[in-house]
Amino acid sequence: MTNRPRLGVNVDHVATVRNARGTAYPDPVRAALLACEAGADGITAHLREDRRHIRDEDMRRLKEALPAPLNFEMAQTDEMVEVASAIRPHAVCLVPERREELTTEGGLDAAGLGAALGPRVQALAAAGIRVSLFIEPDPKQLHAAVALGAPVVELHTGRYCELAGEAQQAELERIRSAAALADELGLECHAGHGLTYDNVGPVAAIPTVAELNIGHFLVGEAIFVGLVETVRRMRAAMDRAR
């Protein structure tokens with residue numbers, strides 16, 4: 001396990017701003033390239049079923065332009081498996097998705113959806129794509145990931161980020177325990193959702209977390225100081241913690 005956690009930058013909300021006016025700018029591909037220059041180790045983009053931000057052409061352009069790995073977040077549907085198999089990103093992260101949600105609200109129920117998930121995990125792996133499952137820090141879900149043959153899990157940190165005091169510390173301990181169990185089970189462990197400069201340190205400090213995926217906060221901060229500066233600051237905060 002490296003002492004330096006990787007930083008994946010999610011560019012979804014650059015596309016959100018673009019789509020608000022129906023223009024060609026700001027371009028999420030340009031944002032992704034700037035993030036890589038600033039220290040991002042990879043780029044994440046979520047192609048939602050309703051295409052509310054990232055679009056199919058964005059995914060194709062990202063795959064062609066990026067000097068770093070592309071992580072394709074997507075719902076576990078046949079349509080998305082087909083799109084991903086055609087684009088062939090470095091990785092796919094399967095997430096729960098509801099059209100009425102503002103953002104992903106929790107982890108995928110890998111344990112309960114095994115029958116539906118299994119063939120899709122297999123199809124993506126057959127296309128040469130590394131499969132990750134976005135799950136709650138729950139031993140049941142980790143064991144389900146192993147049973148499904150997914151080599152990577154991403155632990156949902158949203159609750160940790162929303163809580164405070166003792167409740168936040170309890171959730172952090174749950175994340176730590178899940179990350180340790182993932183390592184014991186032979187899973188590569190990532191984490192993400194809701195992370196900021198203020199709360200990233202304790203998660204980045206977990207020795208068995210190999211990667212953090214962060215987007216909304218970085219795009220928001222970029223309005224004030226620019227994307228390159230926000231990525232550099234996040235990279236530095238993660239490095240200090242580890």
Side-chain angles (χ1 to χ4, degrees), residues 4-95 97 103-104 120-134 150-152 154 188 190 192-193 210-220 222-223 226-232 234-235:
R4 186 180 189 268
R6 298 189 300 270
L7 170 60
V9 173
N10 186 312
V11 296
D12 288 354
H13 295 301
V14 176
T16 301
V17 176
R18 175 196 64 190
N19 297 351
R21 289 289 295 269
T23 61
Y25 60 84
D27 182 5
V29 176
R30 182 182 179 190
L33 293 171
L34 284 171
C36 290
E37 290 177 15
D41 299 289
I43 297 297
T44 293
H46 184 173
L47 183 68
R48 282 183 169 268
E49 292 182 276
D50 61 9
R51 278 40 172 199
R52 70 174 68 165
H53 37 61
I54 293 294
R55 298 169 178 164
D56 300 62
E57 183 59 20
D58 295 326
M59 298 303 301
R60 287 189 284 269
R61 292 173 59 232
L62 285 164
K63 173 66 188 315
E64 292 171 1
L66 284 179
L70 173 62
N71 177 36
F72 184 162
E73 283 190 354
M74 61 181 234
Q76 51 97 25
T77 64
D78 291 336
E79 178 204 10
M80 287 300 159
V81 169
E82 184 177 342
V83 173
S85 298
I87 295 173
R88 298 198 176 211
H90 170 72
V92 154
C93 184
L94 297 176
V95 302
E97 185 176 310
T103 185
T104 304
R120 288 158 182 158
V121 170
Q122 293 168 17
L124 292 164
I129 302 168
R130 187 183 68 168
V131 180
S132 173
L133 303 181
F134 184 75
V152 184
E154 180 169 340
E188 182 172 306
H190 302 175
H193 201 80
E211 179 175 305
L212 299 181
N213 286 297
I214 306 171
H216 184 262
F217 173 77
L218 294 175
V219 174
I223 293 170
L227 186 61
V228 168
E229 180 63 18
T230 63
V231 173
R232 285 177 177 164
M234 185 60 76
R235 175 73 270 167

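Asp41 is listed as a side-chain neighbour of Arg4, based on a closest heavy-atom distance under 4.5 Å. Side-chain contact between Leu212 and Met234: absent, with no pair of heavy atoms (C-beta onward) separated by less than 4.5 Å. Using a 4.5 Å cut-off on side-chain heavy atoms (C-beta onward), Asp78 and Arg120 make contact. Inter-residue side-chain proximity for Arg55 and Arg18 is flagged as met; some heavy-atom pair is nearer than 4.5 Å. Side chains of Pro5 and Arg235 form a contact here, defined as non-hydrogen atoms less than 4.5 Å apart. Met74 is not listed as a side-chain neighbour of Leu47, based on a closest heavy-atom distance of 4.5 Å or more. For the pair Pro28 and Leu62, the minimum side-chain heavy-atom distance is 4.5 Å or more. Counting heavy atoms from C-beta on, the side chains of Arg52 and Asn19 never come closer than 4.5 Å.
Using a cutoff of 4.0 Å between basic side-chain nitrogens and carboxylate oxygens, Arg60 and Glu57 are scored as salt-bridged. Taking a cutoff of 4.0 Å between a charged side-chain nitrogen and a carboxylate oxygen, Asp56 and Arg51 qualify as a salt bridge. A salt bridge does not link Arg6 to Glu154: none of the charged nitrogens lies less than 4.0 Å from a carboxylate oxygen.
Other residues, nucleotides and ligands contribute at most 12 non-hydrogen atoms within 6.0 Å of the CD atom of Glu82.
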As a quick check of understanding, evaluate side chain to side chain contact (heavy atoms under 4.5 Å, CB included) for Val83 and Phe72, giving each step before the final call. CA-CA 10 Å; Val83 173; Phe72 184 162; 4.0 Å; yes

Worked check of side chain to side chain contact (heavy atoms under 4.5 Å, CB included) between Glu49 and Thr77: CA-CA 9 Å; Glu49 292 182 276; Thr77 64; 3.6 Å; yes

Could you walk me through whether Val121 and Gln76 satisfy the side chain to side chain contact (heavy atoms under 4.5 Å, CB included) test, starting with their C-alpha distance in whole Å, then the side-chain angles of each, then the deciding distance to 0.1 Å, before giving a yes or no? CA-CA 9 Å; Val121 170; Gln76 51 97 25; over 6 Å; no

Under the side chain to side chain contact (heavy atoms under 4.5 Å, CB included) criterion, do Leu94 and Leu124 qualify, and how do the steps go? CA-CA 11 Å; Leu94 297 176; Leu124 292 164; 4.1 Å; yes

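Counting all heavy atoms, side chain and backbone alike, Pro89 lies closest to Leu70 at CB-O, 3.5 Å. Taking all atoms of both residues into account, the shortest heavy-atom contact from Ala65 to Leu33 is O-CD2, 3.6 Å. A pairwise comparison of heavy atoms in Ala38 and Arg232 identifies O-CG, 3.4 Å as the closest pair. Annotation for Ala127 and Arg88: closest pair O-NH1, 3.1 Å, computed over non-hydrogen atoms. Here the closest heavy-atom approach between residue Pro26 and residue Val14 is recorded as CG-O, 3.6 Å. Nearest heavy-atom pair, Glu188 versus Ala210, reported as atom, atom and distance to 0.1 Å: CG-CB, 4.0 Å.
Going from atom CD1 of Ile54 over to atom CZ of Arg61 covers 9.5 Å, rounded to the nearest 0.5 Å. Within the model, atoms CE of Met59 and CD1 of Ile87 stand 5.5 Å from one another, a figure rounded to the nearest 0.5 Å. Considering CG of Leu66 and SG of Cys36, their distance stands at 5.5 Å, rounded to 0.5 Å. For the atom pair His13 NE2 and His53 NE2, the distance stands at 5.0 Å (nearest 0.5 Å). Separating the CG atom in Leu218 from the CD1 atom in Ile223 is a distance of 12.0 Å, to the nearest 0.5 Å. With values rounded to the nearest 0.5 angstrom, Asn71 atom CG is found 11.0 Å from His46 atom NE2.
Under the side-chain contact (heavy atoms from CB on, under 4.5 Å) criterion, Asn10 pairs with Asp12, Thr44, Glu73, sequence neighbours left out.
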